[in-house]
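Every chain is numbered from 1 and lettered A, B, ... according to where its sequence line falls, protein lines coming before strand lines.
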Protein chains: 2
Amino acid sequence: MAKVAECDERSSRRRLPPGERRQQIVDGAVAFFAEVGLEGNTRDLAKRLGVTQSLLFNYFATKDDLIEAVYEQVYLNRLSPDWPTRLTDRSVSLRQRLLDFYTEYSTLIFQYEWMRIFMFSGLYGAQLNRRYLKHLGDVILRPLLGEIEFAARSDETPVMEDIWNLHGGIVYIGIRQHIYRMPCPDDPSEAISRAVDRFLLSFGIAPGD
Amino acid sequence: MAKVAECDERSSRRRLPPGERRQQIVDGAVAFFAEVGLEGNTRDLAKRLGVTQSLLFNYFATKDDLIEAVYEQVYLNRLSPDWPTRLTDRSVSLRQRLLDFYTEYSTLIFQYEWMRIFMFSGLYGAQLNRRYLKHLGDVILRPLLGEIEFAARSDETPVMEDIWNLHGGIVYIGIRQHIYRMPCPDDPSEAISRAVDRFLLSFGIAPGD
DNA sequence: CTTTTTATAGATCATTTGCTCAATAAGACT
DNA sequence: AGTCTTATTGAGCAAATGATCTATAAAAAG
């Protein structure tokens with residue numbers, strides 16, 4: 001075998017600043033684990049990244065540490081902190097607030113990586129998953145219940161389980177799309193607005209407010 | 001009836017008829033894989049069953065074969081064949097048909113093993129999962145759309161995506177309970193009936209019919 | 001009882017997989 | 001240029017894991 005590849009761009013090693021390389025690894029790991037599951041092996045991941053497997057352990061002491069970094073990357077900034085206030089801003093119609101939220105939220109979460117990492121981490125009982133759901137309930141859905149109670153014109157009073165039902169019906173679109181890989185509408189916004197309108201109507205809240 | 005069962009559980013070796021042993025392995029595998037995921041290893045499974053690991057391979061040529069048997073066991077008889085006719089039986093009020101279906105269906109699927117094996121198999125793209133969902137859409141939800149169209153009194157016409165929304169909102173209860181392990185109502189029937197009523201109301205269908 | 005059958009156990013193989021470490025070379029600095 | 005730092009590699013270890021094979025003993029048959 002002749003040692004030819006001295007300056008071959010593709011096969012020669014490329015040094016990156018540690019911060020950059022670390023981020024590259026995390027990004028690749030997110031895509032990789034989302035696809036094959038969290039038990040995907042580090043050799044395949046390294047191959048996909050175009051680096052050696054041992055390099056991964058230069059940036060993460062254990063595979064679990066890497067997965068933890070994947071979790072943090074994926075869960076980061078998924079719940080914008082300004083939604084609680086926007087959802088309770090009664091200068092905007094309740095319907096509009098709900099549409100704004102779920103339009104924005106669905107574009108954020110109806111993504112292959114998020115949906116699948118979220119589901120995997122949920123199945124394996126990851127703490128971040130539980131914390132996220134508790135947070136969602138506390139700062140989004142619970143205030144939402146209050147807003148709907150306030151706006152309700154029918155004799156029916158909403159309970160928390162109703163809000164989870166609205167939320168679940170919408171989230172289920174993303175589950176069908178990315179977990180089950182079923183054919184789904186390209187744009188879920190119509191399905192969302194119809195679900196929101198049905199929900200509000202049942203509490204006597206007309207589209208106007 | 002047989003007195004085989006009085007054998008000492010801790011005794012070194014217990015012979016079972018092959019059919020019985022096979023079923024015991026499949027049952028144990030369902031519980032085991034539901035808990036730890038489909039990558040759970042065969043040694044832990046054997047330990048839990050109280051048999052040697054090599055015995056598993058006497059009944060299943062490969063681990064994949066065992067998992068296939070797990071799938072079949074779990075997916076078997078989950079969709080009763082008489083629901084299509086019951087759901088379209090217009091001598092019963094539409095609301096009652098929906099309540100009957102989802103009450104029965106939720107007791108069938110809101111179970112730890114089913115929910116988790118279904119989700120794992122979905123994530124890994126199992127054929128049985130896709131076939132199940134297609135079947136569900138074809139023989140349950142599609143006819144349901146027809147029934148709601150027929151009974152609708154409002155100007156709104158339901159579309160398939162609305163039915164998936166109703167379905168998803170209900171199924172999400174089981175996902176919260178068994179995938180995310182969140183605190184959930186012990187009995188989901190009230191949440192279900194409220195969701196059904198909201199849905200019907202939005203199409204102008206009163207509880208009477 | 002003895003013999004036969006075969007379900008089961010125990011030892012073991014061949015890979016796979018997480019992880020380590022010394023050697024190497026890319027890029028920065030003089 | 002030459003030197004130094006360190007990001008990266010390649011070889012390899014130890015444990016885990018799917019799978020194999022033969023010896024064993026439980027239960028049935030004679």
Side-chain angles (χ1 to χ4, degrees), chain A residues 1-29 32-33 35-71 120 124, chain B residues 1-29 32-33 35-71 120 124:
Chain A
M1 307 173 269
K3 285 200 60 171
V4 210
E6 285 254 64
C7 309
D8 187 2
E9 301 293 337
R10 300 181 320 162
S11 65
S12 74
R13 61 171 78 165
R14 213 173 100 216
R15 281 166 80 107
L16 286 187
E20 231 172 279
R21 179 70 80 186
R22 192 193 138 98
Q23 190 56 47
Q24 179 200 19
I25 291 175
V26 173
D27 288 343
F32 176 73
F33 288 128
E35 194 177 316
V36 308
L38 300 174
E39 286 89 357
N41 66 66
T42 53
R43 279 177 177 79
D44 286 347
L45 168 59
K47 195 176 297 175
R48 174 186 294 214
L49 283 166
V51 300
T52 53
Q53 184 231 11
S54 57
L55 186 65
L56 304 182
F57 291 92
N58 211 306
Y59 288 88
F60 301 93
T62 66
K63 184 188 170 187
D64 278 349
D65 284 358
L66 173 56
I67 287 179
E68 210 54 45
V70 164
Y71 284 167
F120 277 120
Y124 295 132
Chain B
M1 38 177 70
K3 36 191 316 185
V4 186
E6 66 173 86
C7 209
D8 185 39
E9 296 290 333
R10 303 181 326 172
S11 79
S12 53
R13 190 183 282 209
R14 210 173 104 213
R15 280 167 78 108
L16 285 187
E20 231 171 278
R21 178 69 80 188
R22 192 193 138 98
Q23 190 57 47
Q24 180 201 17
I25 291 175
V26 173
D27 288 342
F32 176 72
F33 288 128
E35 194 176 316
V36 307
L38 301 174
E39 287 89 357
N41 66 66
T42 54
R43 278 175 178 80
D44 286 348
L45 168 59
K47 194 176 297 175
R48 173 186 293 215
L49 283 165
V51 300
T52 53
Q53 183 234 10
S54 59
L55 186 64
L56 304 181
F57 291 93
N58 211 304
Y59 288 89
F60 302 92
T62 68
K63 185 189 170 188
D64 278 349
D65 284 358
L66 173 56
I67 288 178
E68 209 55 45
V70 165
Y71 284 167
F120 277 120
Y124 293 133

All ring-ring contact (aromatic ring centres under 6.0 Å, His included) counterparts of A:Phe120, not counting sequence neighbours: B:Tyr124
Pairing residues for A:Gln23 by the side chain to side chain donor-acceptor pair (under 3.5 Å) criterion, not counting sequence neighbours: A:Asp27, A:Gln73
Under 4.0 angstrom between B:Tyr59 side-chain N/O and C:dT8 OP1 or OP2: yes
Phosphate OP1/OP2 of D:dT8 contacted by A:Arg21 side-chain N/O (<4.0 Å): yes
Interatomic distance where CD1 belongs to A:Ile67 and C1' belongs to C:dG18 [whole Å]: 11 Å
May I have the list of side-chain donor-acceptor pairs in residues 51-61 of chain B shorter than 3.5 Å, sequence neighbours left out?
{"from": "B:Thr52", "atom 1": "OG1", "to": "B:Ser54", "atom 2": "OG", "distance (Å)": "3.4"}
{"from": "B:Gln53", "atom 1": "NE2", "to": "B:Thr42", "atom 2": "OG1", "distance (Å)": "3.0"}

Gap between atoms CG and P, on A:Leu55 and C:dT24 respectively (whole Å): 18 Å
d(CG, A:Leu56; C1', D:dT9) in whole Å: 12 Å
Donor-acceptor pair (no angle test) under 3.5 Å: A:Ser54 side chain, D:dG10 base: yes
Straight-line distance of A:Leu45 CG to A:Ile25 CD1, nearest 0.5 Å: 8.0 Å
Summary of salt bridge (Lys or Arg N to Asp or Glu O under 4.0 Å) pairs that have at least one residue in residues 53-67 of chain B, sequence neighbours excluded: none
Contact list for residues 40-51 of chain A, test salt bridge (Lys or Arg N to Asp or Glu O under 4.0 Å), sequence neighbours left out: A:Glu35-A:Arg48
Inter-residue atom distance B:Arg15.CZ - B:Glu20.CD, 0.5 Å rounding: 13.5 Å
Length of the line joining A:Leu16:CG and C:dA28:P, which is rounded to integer Å: 11 Å
Distance-minimising heavy-atom pair for A:Leu66 and A:Ala29: CD1-CB, 4.0 Å
Euclidean distance, atom CZ of residue A:Arg22 to atom C1' of D:dT8 [Å, nearest integer]: 17 Å
Nucleotide N/O of nucleotides 3-6 of chain C paired with protein N/O under 3.5 Å:
{"from": "C:dT6", "atom 1": "O2", "to": "B:Arg15", "atom 2": "NH1", "distance (Å)": "2.8"}
{"from": "C:dT6", "atom 1": "O2", "to": "B:Arg15", "atom 2": "NH2", "distance (Å)": "3.4"}

Provide a list of protein-nucleic acid N or O atom pairs under 3.5 angstrom, restricted to nucleotides 22-24 of chain D.
{"from": "D:dT24", "atom 1": "O2", "to": "B:Arg13", "atom 2": "NH1", "distance (Å)": "2.5"}

Distance in angstrom units between A:Phe33 CZ and C:dT17 C1', rounded: 12 Å
Hey, what are the protein-to-nucleotides 15-18 of chain D N/O distances that come in under 3.5 Å?
{"from": "D:dT17", "atom 1": "OP1", "to": "B:Asn41", "atom 2": "ND2", "distance (Å)": "3.1"}
{"from": "D:dT17", "atom 1": "OP2", "to": "B:Asn41", "atom 2": "ND2", "distance (Å)": "3.1"}
{"from": "D:dG18", "atom 1": "OP1", "to": "B:Lys63", "atom 2": "NZ", "distance (Å)": "3.2"}
{"from": "D:dG18", "atom 1": "OP2", "to": "B:Thr42", "atom 2": "N", "distance (Å)": "2.9"}
{"from": "D:dG18", "atom 1": "OP2", "to": "B:Thr42", "atom 2": "OG1", "distance (Å)": "2.7"}
{"from": "D:dG18", "atom 1": "N7", "to": "B:Arg43", "atom 2": "NH1", "distance (Å)": "2.9"}
{"from": "D:dG18", "atom 1": "N7", "to": "B:Gln53", "atom 2": "NE2", "distance (Å)": "3.4"}
{"from": "D:dG18", "atom 1": "O6", "to": "B:Arg43", "atom 2": "NH2", "distance (Å)": "2.8"}

